[in-house]
Amino acid sequence: MPQTILSPVQHELLIKKSRFIACVQPMTDRAAAQKIVAQLWAQHPQAAHVCWALLAGGQSAAVDDGEPSGTAGRPMLDVLRHQDLEGVLATVVRYFGGVKLGAGGLVRAYTDSVAQALLKAEKIAMIRQRQLICTAPYALEGLIRREFDSAGATLDHVSHGDEVRFEASLPATDAEGLIARLNEAGHGRITWRDPELA
């Protein structure tokens, strides 16, 4: 099951006089990640590189920012993938210390920086939500409300027209059971709609 992290965590490594300042933090998408990277450049104008990797909402990124290709962003992204993380941005600000590390040394430095930061991060499981939309006669409103409540669903919207329309969300793993219970209790009088088309 994918995990994310609760809050930003930093870790700093000093390798052959180069400073590697790593940060891992929750992140929603690429645009938000790019704003963070821009802020890091503003905070560290003397830095040699600000490398980053992102896994968020189906988007991924691996940016070497001037380091030799494949020595920074990709190894950082591999650490995130290896730990089955989602919705996480990893950044490493590097201050060059005058000693070249070579490709292998750079890969190890960026990998270790992110891995060490993740050791301190509090991780939580990401529970995929599923949206349910249904309509039903007024006589079933109480039953549907009780079933949604007992399943731990969140009622996002209820509207009253010719019938009652419910929009709810709940953990995807619980959705099929709830639909089956409601179909049985409602004797076929509950109509389910595809959220993509609703």
Side-chain angles (χ1 to χ4, degrees), residues 1-9 23-40 52-63 73-74 76-91 114 117-198:
M1 179 180 293
Q3 295 182 308
T4 192
I5 58 176
L6 279 179
S7 56
V9 177
C23 182
V24 290
Q25 60 194 306
M27 192 57 48
T28 53
D29 56 37
R30 189 180 182 102
Q34 288 171 318
K35 284 182 186 166
I36 295 292
V37 171
Q39 289 170 5
L40 285 171
W52 56 284
L54 172 73
L55 278 177
Q59 301 175 339
S60 66
V63 178
R74 174 65 57 193
M76 293 164 63
L77 184 63
D78 289 344
V79 172
L80 298 180
R81 284 194 171 129
H82 180 71
Q83 296 200 22
D84 200 15
L85 292 168
E86 170 60 35
V88 176
L89 169 68
T91 57
V114 173
L118 284 170
L119 285 176
K120 298 192 281 188
E122 187 175 347
K123 297 174 189 148
I124 53 168
M126 290 187 75
I127 299 169
R128 302 237 180 266
Q129 295 287 307
R130 178 167 164 194
Q131 187 179 27
L132 298 178
I133 298 175
C134 69
T135 55
Y138 278 82
L140 295 178
E141 182 174 3
L143 166 79
I144 292 171
R145 284 180 180 271
R146 284 190 301 277
E147 283 293 333
F148 277 154
D149 188 51
S150 70
T154 301
L155 268 178
D156 301 318
H157 186 72
V158 178
S159 56
H160 298 85
D162 291 339
E163 293 191 301
V164 185
R165 177 184 163 109
F166 296 89
E167 295 178 30
S169 52
L170 75 161
T173 53
D174 300 334
E176 290 306 322
L178 174 64
I179 291 169
R181 284 194 308 278
L182 280 171
N183 284 342
E184 187 176 322
H187 305 291
R189 294 182 295 162
I190 298 171
T191 305
W192 297 94
R193 308 206 181 282
D194 184 342
E196 301 288 320
L197 307 173

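For the single chain, residues carry numbers from 1 onward in sequence order. No hydrogens, no waters, no symmetry mates; every other heavy atom, side chains included, goes into these values.
- Among all heavy-atom pairs drawn from Val9 and Ala121, the shortest one is CG2-CA, 3.6 Å.
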Next item on the list: Apply side-chain contact (heavy atoms from CB on, under 4.5 Å) to Arg130 and Glu176, showing your working.
Entry: CA-CA 10 Å; Arg130 178 167 164 194; Glu176 290 306 322; 2.5 Å; yes
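- Summarising the geometry, atom OG1 belonging to Thr28 is positioned 10.0 Å from atom CG belonging to Leu89; distances are rounded to the nearest 0.5 Å.
- Note: Leu182 CG to Leu140 CG = 9.0 Å, rounded to the nearest 0.5 Å.
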Item checked: Stepwise side-chain contact (heavy atoms from CB on, under 4.5 Å) test for Leu155 and Asp149 -> CA-CA 8 Å; Leu155 268 178; Asp149 188 51; over 6 Å; no
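- Although no hydrogens or angles enter the test, the distance criterion places no donor-acceptor pair under 3.5 Å between the side chain of Thr135 and the main chain of Glu163.
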Notebook entry, point to check: Could you walk me through whether Val158 and Arg145 pass the side-chain contact (heavy atoms from CB on, under 4.5 Å) check?
Noted result: CA-CA 10 Å; Val158 178; Arg145 284 180 180 271; 3.6 Å; yes
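- Thr91 places no side-chain N or O within 3.5 Å of a backbone atom of Trp52 that could act as its donor or acceptor partner.
- The structure places NE2 of His157 at 11.0 Å from CD of Gln131, a figure rounded to the nearest 0.5 Å.
- Nearest heavy-atom pair, Ser60 versus Arg81, reported as atom, atom and distance to 0.1 Å: OG-NH2, 3.6 Å.
- When side chains are defined from C-beta on, Leu85 does not count as touching Val24, because their heavy atoms never get closer than 4.5 Å.
- Between Phe148 and the options Leu170, Leu143, Leu178, a side-chain contact (heavy atoms from CB on, under 4.5 Å) holds for only Leu178.
- Looking at every heavy atom in both residues, Ala175 comes nearest to Leu132 through CB-CD2, 4.4 Å.
- Taking 4.0 Å as the cut-off between side-chain N and carboxylate O, Arg165 and Glu167 count as a salt-bridged pair.
- Between Cys134 and Ile190 the shortest heavy-atom distance is CB-CG2, 3.8 Å.
- Ile133 CD1 to Phe166 CZ: the interatomic distance, rounded to the nearest 0.5 Å, is 13.0 Å.
- For the atom pair CZ (Arg181) and CG (Asp174), the distance works out to 8.0 Å, reported to the nearest 0.5 Å.
- Considering all non-hydrogen atoms of both residues, Thr4 and Glu86 come closest at OG1-O, 2.9 Å.
- Residue Lys120 qualifies as enclosed at atom NZ: its count of foreign heavy atoms under 6.0 Å is above 12.
- The minimum heavy-atom distance between Ala62 and Arg74, with the atom names listed, is CB-N, 3.6 Å.
- If you take CE on Met27 and CG on Leu54, they are separated by 7.5 Å, rounding to the nearest 0.5 Å.
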